[in-house]
There are 2 protein chains.
Amino acid sequence: MSLFQERGYDRTTVEEIAARAGLTERTFFRYFSDKREVLFSGSKGLEALMVSTIADAPKAMAPIDVVAAALEATSPGFEERRAHACKRQPLIMAHAELRERELIKLASLASAMAESLRGRGVEKTVAHLVAEAGIAIFKSAFERWIEDTKKHELAHHVRVALAELRLITAGASAASSTPPPTKAPRRSRLGPR
Amino acid sequence: MSLFQERGYDRTTVEEIAARAGLTERTFFRYFSDKREVLFSGSKGLEALMVSTIADAPKAMAPIDVVAAALEATSPGFEERRAHACKRQPLIMAHAELRERELIKLASLASAMAESLRGRGVEKTVAHLVAEAGIAIFKSAFERWIEDTKKHELAHHVRVALAELRLITAGASAASSTPPPTKAPRRSRLGPR
DNA sequence: ACCTCCGATGTCAGAAGCTGACATGACTCC
DNA sequence: GGAGTCATGTCAGCTTCTGACATCGGAGGT
């Protein structure tokens with residue numbers, strides 16, 4: 001991370017990273033399959049946490065709420081590493097190859113969540129759709145968390161994003177003119193001006 | 001594509017691709033920034049079509065329906081190239097680097113759609129969330145379209161996936177016990193067994 | 001104390017992806 | 001006919017990543 005911040009991601013060679021760690025380039029590649037992977041080692045733990053949170057959720061809970069709970073469960077972990085996340089994020093956003101890696105990690109997360117949902121008896125296509133919706137919520141929430149000067153927890157932003165998604169999809173064919181949800185996000189204007 | 005099917009993606013070098021086209025490796029890289037990019041040249045046109053469909057949608061239409069309409073608008077184009085898509089898809093699924101590229105193309109699509117929605121006056125966070133939801137719908141629909149032995153159009157699967165998403169998010173806090181949507185997908189079991 | 005095995009690391013050579021600099025050749029426009 | 005432009009070729013070189021083999025040091029058995 002320090003090297004990346006000194007010289008930028010693409011002006012840092014794997015050899016330099018390895019040297020800074022007192023190792024050889026070859027050894028680096030034994031620990032990380034990729035140069036990119038060095039920035040994503042935490043994703044396995046995240047996935048495990050979310051999968052087990054889903055598996056352990058109350059039986060009666062609706063799938064979308066189960067996924068939201070799993071997202072909220074990651075909140076403390078992110079809170080601990082807010083400083084690190086704030087350094088990491090601009091780096092990733094600035095480099096397409098890193099964004100690609102991030103996206104495939106999220107896709108893998110979605111698959112794992114879908115699988116865990118299926119273990120609860122959720123039908124396959126539904127499970128995948130719910131998981132993808134969860135990722136959409138996560139992206140939205142995470143972005144706001146990073147930029148949040150008021151330092152609300154990630155979990156808060158997850159709740160806001162879920163409420164927003166519910167408003168968005170609460171269209172004509174599913175439910176008509178129902179009262180707005182409790183704790184709706186402040187900005188709730190959905191249509192054209 | 002023929003080379004990839006003969007020898008597999010990673011056993012095909014850029015030099016070979018260029019030679020098959022009667023060109024040089026260097027020239028290949030002048031047309032495609034990447035080896036991967038050669039499989040994704042169509043994505044720009046797709047993006048343009050969806051953006052303009054969104055921009056031209058009726059003013060009163062809800063954002064989620066606008067996005068769904070944009071997805072449906074791509075249906076004829078995919079229908080024309082079903083054969084090509086069926087060769088391309090397993091190739092992409094089998095190679096992580098290609099999946100990554102596909103995901104970033106979808107993310108770019110989402111950004112473009114969000115931007116186009118903002119042009120209609122949709123609030124920023126909502127626009128992004130709707131666009132991401134649209135991508136989730138697209139992924140679900142596309143997967144089913146590829147595997148669909150009955151050869152329904154992509155547009156049909158888009159409608160099914162949207163209906164499914166509406167059922168999924170129609171939870172306690174947004175709408176309670178509303179009648180099911182018309183044309184609901186056959187499998188509508190959402191909760192645990 | 002000694003040996004053996006194993007895991008972590010180093011060394012080396014090399015393939016493939018990708019880039020910058022410059023050359024060539026054809027075609028257009030004056 | 002000359003100048004400029006555009007597509008392509010040529011070449012050298014860097015970086016990422018891999019396979020094969022060597023080395024070293026520690027753990028455990030005798």
Side-chain angles (χ1 to χ4, degrees), chain A residues 1-45 47-48 84 87-108, chain B residues 1-45 47-48 84 87-108:
Chain A
M1 183 58 96
S2 56
L3 270 171
F4 290 157
Q5 290 193 317
E6 285 169 29
R7 324 158 68 119
Y9 175 79
D10 36 12
R11 269 183 296 274
T12 307
T13 70
V14 173
E15 201 178 351
E16 290 168 334
I17 300 171
R20 172 82 50 114
L23 292 171
T24 313
E25 188 192 8
R26 191 63 182 90
T27 300
F28 175 95
F29 283 113
R30 281 195 261 255
Y31 282 84
F32 304 99
S33 58
D34 246 10
K35 178 181 174 186
R36 299 163 212 170
E37 202 62 17
V38 79
L39 281 164
F40 294 88
S41 54
S43 76
K44 231 180 65 181
E47 189 170 307
H84 181 253
K87 279 186 288 185
R88 208 186 81 122
Q89 200 59 15
L91 208 56
I92 290 178
M93 285 308 157
H95 295 87
E97 29 178 337
L98 295 176
R99 289 215 339 138
E100 287 185 336
R101 183 55 49 88
E102 170 135 296
L103 290 169
I104 209 173
K105 292 295 180 187
L106 288 175
S108 152
Chain B
M1 181 60 97
S2 56
L3 270 171
F4 290 157
Q5 290 193 318
E6 286 169 28
R7 324 156 69 117
Y9 175 80
D10 36 12
R11 267 181 297 274
T12 306
T13 71
V14 173
E15 201 179 351
E16 290 167 334
I17 300 172
R20 171 81 51 115
L23 292 171
T24 315
E25 188 192 9
R26 190 63 181 89
T27 300
F28 176 95
F29 282 114
R30 281 195 261 255
Y31 282 84
F32 304 100
S33 59
D34 245 10
K35 178 181 174 185
R36 297 162 214 173
E37 201 62 17
V38 78
L39 281 165
F40 294 88
S41 53
S43 76
K44 229 179 67 181
E47 189 170 307
H84 181 252
K87 281 186 289 187
R88 208 186 81 122
Q89 200 56 17
L91 208 56
I92 290 178
M93 285 308 159
H95 299 275
E97 29 177 340
L98 296 176
R99 290 217 334 134
E100 287 185 337
R101 183 54 50 87
E102 169 135 297
L103 291 169
I104 208 172
K105 293 295 179 185
L106 289 175
S108 153

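Reminder, nothing fancy here: chain letters follow the sequence lines and each chain counts from 1.
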For the side chain of Arg36(B) and the base of dG17(C), is some donor closer than 3.5 Å to an acceptor across the two?
no
Rounded to whole angstrom units, what separation is found between the CD atom of Glu37(A) and the C1' atom of dT16(D)?
15 Å
Contact class for Glu25(A) (heavy atom, under 4.0 Å): base, sugar-phosphate, or nothing?
base
When the distance from CZ of Phe29(B) to P of dT10(D) is rounded to whole Å, what number comes out?
16 Å
Relative to Phe4(A), does Arg88(A) satisfy both conditions: NZ or CZ under 6.0 angstrom from the six-membered ring centre, and within 45 degrees of the ring's axis?
no
Which nucleotide sits closest to the side chain of Thr24(B): dT16(D), dG20(C), dG9(D)?
dG9(D)
Would you indicate whether the side-chain heavy atoms of Glu25(A) and Thr13(A) approach each other to under 4.5 Å?
no
Taking the side chain of Leu23(B) as heavy atoms from C-beta outward, which of dG9(D), dT16(D), dG17(C) is closest to it?
dG9(D)
Ignoring the backbone of Tyr31(A), work out which of dG9(D), dC17(D), dA8(C) is nearest its side chain.
dA8(C)
Whole angstrom value for the distance that separates P of dA15(C) from NZ of Lys35(B)
16 Å
Asp10(B) CG to dG17(C) C1', straight-line distance once rounded to whole Å
13 Å
In whole angstrom, give the distance that lies between atom CZ of Phe28(B) and atom C1' of dG17(C).
10 Å
Need to verify one output field. Residue with the more 5' nearest nucleotide on DNA chain D, Val14(A) or Gly22(B)?
Gly22(B)
To the nearest angstrom, the NE2-P distance between His95(A) and dT16(D) comes to 12 Å
Separation of dA22(D) atom P from Arg26(A) atom CZ, nearest Å, is 15 Å
Residue Thr27(A), side-chain heavy atoms: nucleotide from dG10(C), dC17(D), dG20(C) that is nearest
dG10(C)
Rounded to whole Å, please give me the gap between CD1 in Ile17(B) and P in dC18(C).
10 Å
For dG9(D), does the base pair up with any side-chain atom of Arg30(B) as donor and acceptor (N or O, under 3.5 Å, distance only)?
yes
How about CD on Gln5(B), more than 12 heavy atoms from neighbouring residues, nucleotides or ligands closer than 6.0 Å, or not?
yes
Answer whether the closest heavy-atom distance between the side chains of Glu100(A) and Arg36(B) falls below 4.5 Å.
yes
I'd like to check Glu97(B) versus Lys35(B) (side-chain heavy atoms, cut-off strictly below 4.5 Å). Are they in contact?
no
